[in-house]
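First up is the structure itself, then whatever we jot down about it.
Note: hydrogens, waters and symmetry copies are ignored here, and every other heavy atom, side chains too, is used.
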Amino acid sequence: KILHVEKFAMSRPLEGLSLASGGFAGGEGPSELRQSEEEEEELEVQSDDEELADVEETLQERLVGLTEMVPARVWKVAIRTLTFSYWLLRRSAWVLGSSLALLALPPFIEQQRMELEEMHNLQKKQLMLGQNPAVMPPSGPRPM
């Protein structure tokens, strides 16, 4: 990284700088200087990318690197926050599950029981009257 920048700096010395005239001698204006700065930045980015491509890290090594970069106080706060969030999630799941079991299940079971009883009564009525109750004669005295 440093070698690329030094080579670039050596290839374009600032000999044409004229402080007395307030500008640049040799035809180099501020736009050309900005262009060279952009080229220099591109070289730095390319060299950084090449260095990162050569490095092969495992997940464990990256996590260890992160623990070294982040202060211990931040880690403690993060761990405490995650622990509390996990506890709160478990507690909420318990409260919701037990509330559902105590409040919503009994009416549901009662409704199912009533529907089953009604269906049983219909089946019993069909057995007593036969398959097609509309064809059967009405019960009671017959007209003469």
Side-chain angles (χ1 to χ4, degrees), residues 1-17 19 22-24 26-144:
K1 174 180 170 181
I2 296 172
L3 293 176
H4 293 290
V5 174
E6 287 177 0
K7 287 179 185 177
F8 184 76
M10 294 301 241
S11 67
R12 298 194 57 140
L14 298 175
E15 295 173 352
L17 184 61
L19 295 175
F24 292 92
E28 282 191 14
S31 63
E32 291 176 2
L33 185 60
R34 279 190 218 118
Q35 259 184 342
S36 66
E37 288 175 356
E38 290 173 1
E39 291 172 0
E40 183 179 322
E41 288 176 13
E42 286 179 25
L43 283 175
E44 288 178 16
V45 169
Q46 288 175 355
S47 64
D48 288 343
D49 291 342
E50 290 171 2
E51 289 175 10
L52 291 176
D54 293 341
V55 176
E56 292 183 21
E57 292 180 320
T58 64
L59 180 62
Q60 182 181 6
E61 290 171 341
R62 286 185 181 202
L63 289 175
V64 169
L66 282 174
T67 58
E68 293 172 355
M69 290 173 56
V70 178
R73 183 172 184 216
V74 174
W75 278 109
K76 287 180 183 177
V77 169
I79 289 172
R80 200 173 300 142
T81 303
L82 288 173
T83 304
F84 176 74
S85 299
Y86 179 67
W87 175 84
L88 186 63
L89 179 69
R90 288 180 58 196
R91 180 68 62 171
S92 301
W94 172 255
V95 168
L96 288 174
S98 59
S99 297
L100 179 70
L102 294 173
L103 299 175
L105 256 110
F108 177 74
I109 292 172
E110 184 64 25
Q111 180 187 8
Q112 292 295 322
R113 189 187 64 78
M114 288 177 63
E115 288 176 5
L116 185 62
E117 187 178 314
E118 187 178 317
M119 191 169 41
H120 180 66
N121 287 339
L122 276 173
Q123 284 178 350
K124 192 187 270 187
K125 190 176 183 180
Q126 280 182 347
L127 283 175
M128 292 176 82
L129 296 176
Q131 291 296 333
N132 196 356
V135 176
M136 299 207 47
S139 57
R142 289 186 178 182
M144 289 190 168

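- Of all heavy-atom pairs spanning Pro106 and Ala101, the tightest one is CD-O, 3.6 Å.
- Counting heavy-atom neighbours within 6.0 Å of Glu110 CD, excluding the residue itself, gives a total above 12.
- Exactly one of Val95, Leu96, Leu102 qualifies for a side-chain contact (heavy atoms from CB on, under 4.5 Å) with Ser99. That residue is Val95.
- Paired with Leu116 under the rule side-chain contact (heavy atoms from CB on, under 4.5 Å), one option of Met119, His120, Met114 passes, and it is Met119.
- Crowding of Gln60 atom CD: a count of heavy atoms from other residues, nucleotides or ligands under 6.0 Å not exceeding 12.
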Pair Val64, Glu68 - check side-chain contact (heavy atoms from CB on, under 4.5 Å), show working. CA-CA 6 Å; Val64 169; Glu68 293 172 355; 3.9 Å; yes
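- Evaluated for a side-chain contact (heavy atoms from CB on, under 4.5 Å) with Val77, the options Thr81, Val74, Ile79 yield exactly one hit, Thr81.
- In this structure, Thr67 and Trp75 approach most closely via the heavy-atom pair CA-NE1, 3.4 Å.
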